Asker: 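Just dropping this structure here.
Keep in mind that this is a model prediction, so the values were computed, not measured. Side chains are part of it too, since the values below use all heavy atoms of this structure and drop only hydrogens, waters and symmetry mates. Read the numbers this way: they start at 1 and go in the same order the structure lists the ligands and their atoms.
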Amino acid sequence: MSNIILVGFMGCGKSSVGIRLSYSVKKTFIDTDKSIEKAVKRKISDIFALRGEAYFRDLETNQLKKLIEDKEEHVISVGGGLPMREENRALLKELGTVIYLKANVDTIYNRIKKNKKRPLLQTPNPKETIKELLEEREPIYESIANYTICVDKKRFRQIIREICALCK
Ligand code: S3P
């Protein structure tokens, strides 16, 4: 299938890039977090608080399975933790071209610091949490990506130009 899937850490710009990219490549945009919120009629933070992370991770896998059945092609932005599950990695590969939007700790921290919507970063030292999680996740993102694009200090326009050149 030739969906374009954006993976990467929280705050790397997957949704902001994804929506703009979808206009450029004339595919519809899907954000798995938004699809989950719509499906269960709850915010991500409430899902974590009320049902726990494991339940949320099952919802992510269900969303990917639905997308596999979908005949239409999309630009898909997935939650930062979704590729950590092995089953999800196989589904992502099946879905299309995987692009890793790679951002460093400072870029991520600056983008998320005022936002309270991400349950995993509501810790006493979010920067340290980002550092630890990124160390664990980066090799996984790299292992599934067809292409990696460094997004630090880049405008959306430039990132989209790079993705379009790669996905021609
Ligand atoms: C998560 C990332 C979030 C959301 C949830 C968990 C993670 O999505 O799925 O808060 O584990 O990295 P974004 O990457 O879009 O922030």
Side-chain angles (χ1 to χ4, degrees), residues 3-22 28-67 74-92 95-96 98-145 147-152 154 156 159-160 163:
N3 295 285
I4 300 175
I5 305 111
L6 304 178
V7 303
F9 203 82
M10 293 170 264
C12 72
K14 295 175 299 257
S15 305
S16 310
V17 169
I19 185 86
R20 291 166 174 83
L21 176 66
S22 72
T28 41
F29 176 62
I30 295 204
D31 179 323
T32 56
D33 284 343
K34 294 273 174 301
S35 305
I36 289 170
E37 289 186 327
K38 202 169 157 200
V40 300
K41 300 187 182 65
R42 280 192 203 288
K43 294 275 165 217
I44 303 283
S45 49
D46 292 335
I47 301 173
F48 268 71
L50 298 168
R51 304 293 304 265
E53 183 175 348
Y55 175 73
F56 173 73
R57 299 300 173 198
D58 288 340
L59 296 176
E60 288 189 313
T61 302
N62 290 345
Q63 283 303 319
L64 289 184
K65 288 182 178 163
K66 273 192 203 152
L67 286 166
H74 309 280
V75 171
I76 303 167
S77 158
V78 304
L82 180 146
M84 298 307 114
R85 195 182 261 198
E86 198 177 345
E87 180 184 7
N88 294 351
R89 295 202 281 280
L91 292 166
L92 288 173
L95 275 170
V98 180
I99 313 245
Y100 170 31
L101 300 185
K102 182 172 178 164
N104 67 29
V105 174
D106 288 326
T107 302
I108 293 166
Y109 180 67
N110 285 327
R111 290 195 56 160
I112 63 90
K113 65 184 173 197
K114 292 201 186 90
N115 189 318
K116 300 268 172 268
K117 284 192 295 194
R118 294 183 173 94
L120 296 181
L121 299 180
Q122 306 314 305
T123 63
N125 187 344
K127 199 166 185 176
E128 194 51 38
T129 307
I130 292 169
K131 195 165 163 270
E132 286 167 12
L133 274 177
L134 191 59
E135 260 169 36
E136 181 188 317
R137 291 177 172 191
E138 196 144 71
I140 306 270
Y141 296 142
E142 277 166 354
S143 76
I144 52 161
Y147 304 108
T148 295
I149 293 185
C150 177
V151 298
D152 299 318
K154 282 186 193 160
F156 291 135
I159 298 166
I160 285 154
I163 298 174

Asker: Under 3.5 Å between any N/O of Ser15 and any N/O of ligand 1: does that happen in this structure?
Answerer: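 No - when backbone and side-chain N and O of Ser15 are compared with those of ligand 1, no distance drops under 3.5 Å.
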Asker: For atom 5 (C) of ligand 1, what's the nearest protein heavy atom and its distance?
Answerer: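 I find the closest protein heavy atom is Ile44 CG2, 3.9 Å.
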Asker: Within ligand 1, which atoms have a heavy atom of Gly80 less than 4.0 Å away?
Answerer: 2 (C), 7 (C), 8 (O), 12 (O), 13 (P), 14 (O)
Asker: One thing to verify: whether Asp46 and Lys41 come together as a salt bridge, which I'm taking to mean a side-chain N less than 4.0 angstrom from a carboxylate O.
Answerer: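 No salt bridge links Lys41 with Asp46.
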Asker: With the threshold set at under 4.0 angstrom, would you say Arg137 reaches ligand 1 through any of its heavy atoms?
Answerer: yes
Asker: Show me which atoms of ligand 1 lie under 4.0 Å from any heavy atom of Leu120.
Answerer: 7 (C), 11 (O)
Asker: What pairs with Phe56 under ring-ring contact (aromatic ring centres under 6.0 Å, His included), at least two apart in sequence or on another chain?
Answerer: Phe48
Asker: Find the distance between CD1 (Ile19) and CG (Leu6) and round it off to the nearest 0.5 Å.
Answerer: 11.5 Å
Asker: Which of the listed options, Lys43, Met10, Glu37, Arg57, holds the heavy atom that is closest to atom 11 (O) of ligand 1?
Answerer: Arg57
Asker: Quick one: nearest non-hydrogen protein atom to atom 7 (C) of ligand 1, plus distance?
Answerer: Gly81 N, 3.2 Å
Asker: Go through the side-chain N and O atoms of Thr107 and Asn104 and say whether any donor and acceptor fall under 3.5 Å apart.
Answerer: yes
Asker: Quick check on Arg42: does its CZ atom have over 12 non-hydrogen neighbours (other residues, nucleotides or ligands) under 6.0 Å away?
Answerer: no
Asker: Consider side-chain contact (heavy atoms from CB on, under 4.5 Å). Of Asp33, Val98, Leu92, Leu91, which one does Val78 pass it with?
Answerer: Leu92
Asker: Among protein heavy atoms, which lies nearest atom 14 (O) of ligand 1, and at what distance?
Answerer: Lys14 NZ, 2.6 Å
Asker: Please identify which atoms of ligand 1 are closer than 4.0 Å to at least one heavy atom of Gly79.
Answerer: 8 (O), 9 (O), 14 (O)
Asker: For Lys131, look at atom NZ and say whether over 12 heavy atoms of other residues, nucleotides or ligands are found less than 6.0 Å away.
Answerer: no
Asker: Atom 13 (P) of ligand 1: which protein heavy atom is closest, and how many Å away?
Answerer: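 Here the nearest protein heavy atom works out to Asp33 OD2, 3.6 Å.
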Asker: Under 4.0 Å from any heavy atom of Pro119, which atoms of ligand 1 are there?
Answerer: 10 (O)
Asker: Using the salt bridge (charged side-chain N to carboxylate O under 4.0 Å, His left out) criterion, which residues pair with Glu132? Sequence neighbours excluded.
Answerer: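 For Glu132, no residue satisfies salt bridge (charged side-chain N to carboxylate O under 4.0 Å, His left out) once neighbours in sequence are set aside.
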Asker: Looking at atom 16 (O) of ligand 1, what's its closest protein heavy atom, distance included?
Answerer: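 Sorting protein heavy atoms by distance from atom 16 (O) of ligand 1 puts Arg118 NE, 2.6 Å first.
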